[in-house]
Amino acid sequence: MTDPLEAQVAWLVANEKIRNVIARYAKAGDDFNDPDEMGKIFTEDAVWEAIGFGRFEGRDSIVAELATIGKEKIIWSLHFPATPIIDLNASLDAAKVSWWLWELMTMREEQGDQNRWMGATYDADFVRAADAWRIKHLTLNIQKMVPFEEGPPPS
């Protein structure tokens, strides 16, 4: 690409497609880590990791383990991914991406279901495949997880 306008448009399109993957990942998380949607997001050789949850290697393993977490551990969630920082490489086929996460959740625990607020960050490597942008490596860095009690219903 030698045309500056064409290069800028390609850069903008790549950024928006990566943002869309982040949003689809959050939505899949809210849908109990929907395996069909999660399978569309990761490369075949992807890695997903988070202290307290584990490290899963390969798309099939990631999809299965996250689905189990969505059924057995985090039984409700609402993800708010925010302000991704996207550093695309010069050929626009790979990117280092980080973003913040604010999440409300209900976790199944031995003492009963517990409501939690979580503040976290993500660090990820994205690659452009023939048909879509996908996540190759994703690390969830949980910064804080605190309990909360539901307030009274609105009047």
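Just so it is clear, the model here is predicted, and its values are computed rather than measured.
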* Asked: Does the pair Phe56 and Val47 meet the rule for a side chain to side chain contact (heavy atoms under 4.5 Å, CB included), with working shown?
  -> CA-CA 6 Å; Phe56 314 126; Val47 174; over 6 Å; no

* How about Glu109 and Lys73: do any of their side-chain heavy atoms sit closer than 4.5 Å? -> yes

* **Check: Trp76 and Leu78 side chains under 4.5 Å, non-hydrogen atoms** => yes

* Can Met107 be reached from Phe32 by stepping across I, L, V, M, F, W or Y side chains whose heavy atoms are under 4.5 Å apart? -> no

* **Exercise: do Thr139 and Asp123 side chains pair donor with acceptor under 3.5 Å** => no

* Asked: When clusters are formed by joining ILVMFWY residues with side-chain heavy atoms under 4.5 Å apart, either directly or through shared neighbours, do Leu92 and Ile22 land in the same one?
  -> yes

* Structure fact -> In this structure, CD of Glu16 is separated from CD1 of Ile86 (nearest 0.5 Å) by 7.5 Å

* So if you build clusters from Ile, Leu, Val, Met, Phe, Trp, Tyr with side-chain heavy-atom gaps below 4.5 Å, do Trp102 and Phe148 land together? -> yes

* Note: Asp31-Lys27 ion pair, threshold 4.0 Å (strictly below) -> yes

* Asked: So with a 6.0 Å cut-off around CG of Leu12, is the heavy-atom count from everything else above 12?
  -> yes

* Asked: Quick one: are Phe42 and Arg134 in side-chain contact, heavy atoms under 4.5 Å?
  -> no

* Asked: Quick one: are Lys136 and Asp45 in side-chain contact, heavy atoms under 4.5 Å?
  -> yes

* **Euclidean distance, Asp36 CG relative to Ile41 CD1, rounded to 0.5 Å** => 11.0 Å

* To do: Could you walk me through whether Lys40 and Arg24 pass side chain to side chain contact (heavy atoms under 4.5 Å, CB included), step by step?
  => CA-CA 9 Å; Lys40 297 173 188 174; Arg24 286 184 17 239; 3.7 Å; yes

* May I ask you to decide whether Lys96 forms a salt bridge with Asp87, counting only side-chain N to carboxylate O separations under 4.0 Å? => no

* Asked: What distance separates Gln8 CD from Asp3 CG, expressed to the nearest 0.5 Å?
  -> 9.0 Å

* **Path from Ile18 to Val127 over hydrophobic side-chain contacts below 4.5 Å** => no

* To do: Mind checking the CG-CE spacing from Asp30 to Met105? Nearest 0.5 Å is all I need.
  => 10.5 Å

* Where does the angle between the aromatic ring planes of Trp48 and Phe53 fall among parallel (under 30°), tilted (30 to 60°) and perpendicular (over 60°)? -> perpendicular

* To do: May I ask you to check whether over 12 heavy atoms, not counting those of Glu110, lie within 6.0 Å of atom CD?
  => no

* To do: Mind listing the closest non-hydrogen atom pair of Glu103 and Ser77 along with its distance?
  => OE2-CB, 3.3 Å

* Distance-minimising heavy-atom pair for Met38 and Gly29 -> CE-N, 3.8 Å

* Where do Gly70 and Asn33 come nearest, in terms of heavy atoms and distance? -> N-ND2, 3.7 Å

* With a 4.5 Å heavy-atom cut-off, do Arg116 and Thr106 have their side chains touching? -> no

* Rounded to the nearest 0.5 Å, how far apart are CG of Leu140 and CD of Glu49? -> 10.0 Å

* Output, in order, the C-alpha distance, side-chain angles, deciding distance and verdict of side chain to side chain contact (heavy atoms under 4.5 Å, CB included) for Arg19 and Val21. => CA-CA 5 Å; Arg19 282 185 180 89; Val21 172; over 6 Å; no

* Structure fact -> In short, Trp99 meets Ala124 closest at the heavy-atom pair CZ3-CB, 3.9 Å

* Asked: Within a strict 4.5 Å, meaning less than it, do heavy atoms of the Leu138 and Tyr122 side chains meet?
  -> yes

* State, yes or no, whether a side-chain contact exists between Arg59 and Thr43 at a heavy-atom distance under 4.5 Å. => no

* Asked: Are side-chain heavy atoms of Leu88 and Trp11 found at a separation under 4.5 Å?
  -> yes

* Is Ile74 reachable from Phe80 through a run of I, L, V, M, F, W or Y residues, each pair having side-chain heavy atoms under 4.5 Å apart? -> no

* **Spacing of OH belonging to Tyr25 relative to CD1 belonging to Ile135, to within rounding of 0.5 Å** => 6.5 Å

* Looking only at heavy atoms, what is the nearest atom pair of Trp100 and Ile85, with distance? -> CH2-CD1, 3.8 Å

* Structure fact -> In short, Trp133 meets Ala95 closest at the heavy-atom pair CZ3-N, 4.2 Å

